[in-house]
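First up is the structure itself, then whatever we jot down about it.
Predicted model only: the values in this text are computed from it and were never measured. Whatever order the structure lists ligands and atoms in, that order sets their numbers, starting from 1. Side chains included, hydrogens not; waters and symmetry mates left out as well; all remaining heavy atoms used.
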Amino acid sequence: MEYYFDNAATTKVRPEVLEAMLPYFSEDYGNPSSIYKIGQKTKKAVETARAQVAKAINAPAANEIYFTAGGSESDNWAIKGIADSYGEKGRHIITTAIEHHAVLHTCEYLESKGYEITYLPVDEYGLVSAEQVKAAIRPDTILVSVMFANNEIGTIEPVAEIGAVCREAGVLFHTDAVQAVGHVPVDVRAMNIDLLSMSGHKFYGPKGIGAMYIRKGIKIPSFIHGGAQERKRRAGTENVPGIVGMGRAIELAVSELDTEMPRLIGLRTKLINGIMDRIPYARLNGHPDKRLPGNVNIAFEFIEGESILLLLDMNDICASSGSACTSGSLDPSHVLLAIGMPHEKAHGSLRLTMGHFTTAQEVDHVLETLPPIVERLREMSPLYEQIKNKK
Ligand SMILES: *Cc1c(COP(=O)(O)O)cnc(C)c1O
């Protein structure tokens with residue numbers, strides 16, 4: 001049995017979600033575009049899920065929800081789509097330095113096509129302010145894209161304030177809410193959000209399914225050309241089991257927010273305080289309370305996050321580090337660098353993300369296992385030895 005502390009990377013499908021999906025793999029296999037009964041049944045299931053997603057984010061209408069293949073696709077569509085359809089009006093886009101690569105690399109692609117991108121810096125907690133956004137808006141700005149909550153350090157951005165600034169200035173506002181939906185309250189109306197990306201597998205739904213909220217009246221080209229699915233904006237036969245699972249998952253997650261948020265904040269506090277009490281030279285990355293309920297990210301001086309991960313894995317603990325080494329590069333995370341951490345400290349960061357299935361006993365297990373691992377690794381560090389001997 002594993003101790004799963006990597007819920008920001010992906011989550012386990014909940015049994016209720018799997019149960020809802022299963023019939024759509026076998027007996028209810030009709031194509032939603034077909035007119036006979038088994039086709040109409042799956043069409044109805046897709047529309048039920050669309051309504052579930054719309055309700056979860058307080059979208060005015062279900063037909064403003066478009067199913068995609070995940071968060072990355074939604075981010076690509078939002079940014080390239082708006083750049084394409086509003087390119088006549090202007091070619092300037094505002095985003096932040098700490099976005100997910102699905103946003104950052106899309107912006108870099110647009111730069112190669114002649115668009116100008118402003119990457120707003122963040123403060124030491126990873127926060128960007130509405131004032132910064134306001135000051136960066138120009139007459140040729142067509143889009144602001146600021147993530148709802150950061151996937152590495154868990155910082156929750158002032159999305160409602162940014163939305164108000166954008167609406168006032170008449171600039172479209174997209175938010176990558178992949179880490180937020182199903183974890184904290186999200187309200188596209190109250191927050192003046194024009195486009196919002198989400199992904200099923202980050203809230204106990206299946207992988208390979210996502211959605212985008214596109215406010216009514218916004219011009220955006222089709223992402224996939226072909227059939228008339230998704231109101232002709234995203235062609236291809238629907239991923240019916242995925243869509244049904246995502247609908248059930250979002251409904252469950254949002255209905256449980258009132259109990260799940262305080263429970264996870266309790267576990268988060270226990271884990272952070274427990275680590276701080278037991279391990280010296282440790283510092284919390286991200287904001288102390290403008291933070292995703294399940295996110296803990298801590299920098300340990302003198303050691304490498306990757307080494308901690310290997311030793312944690314030997315104890316069946318799944319976690320993630322502050323560098324992108326796992327993806328074959330040795331660069332420290334752009335998010336940790338953006339909050340002002342020097343390279344060597346960024347390398348010593350560990351991310352532990354909790355979720356629906358995480359228990360207090362599992363947190364205790366981490367608190368017993370982690371301190372000796374950090375101590376053992378530090379004993380191999382000459383710098384740590386020097387500092388210890390000085391004391
Ligand atoms: C996971 C994630 C994505 C990508 O979502 P996929 O469904 O895996 O493509 C995008 N943005 C953020 C903030 C994420 O955490």
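By the 4.0 Å N-to-carboxylate-O rule, E47 lies close enough to R50 to be salt-bridged with it. Ion pairing between a basic and an acidic side chain is recognised when a charged N comes within 4.0 Å of a carboxylate O; E260 and R263 show such pairing. Electrostatic pairing of R14 and E256 counts as a salt bridge here, judged by a charged N lying under 4.0 Å from a carboxylate O. Using a cut-off of 4.0 Å between Lys/Arg side-chain N and Asp/Glu carboxylate O, E88 and K219 are scored as not salt-bridged.
Evaluation of the salt bridge (charged side-chain N to carboxylate O under 4.0 Å, His left out) test over residues 94-112, restricted to residues two or more places apart or in two chains, returns none.
Using a heavy-atom distance under 4.0 Å as the criterion, the protein contacts of ligand 1 are G70, G71, S72, D75, H100, M147, N151, D176, V178, Q179, S199, H201, K202.
The aromatic rings of Y384 and Y281 sit perpendicular to each other, their planes meeting at more than 60°, with 30° as the lower class boundary.
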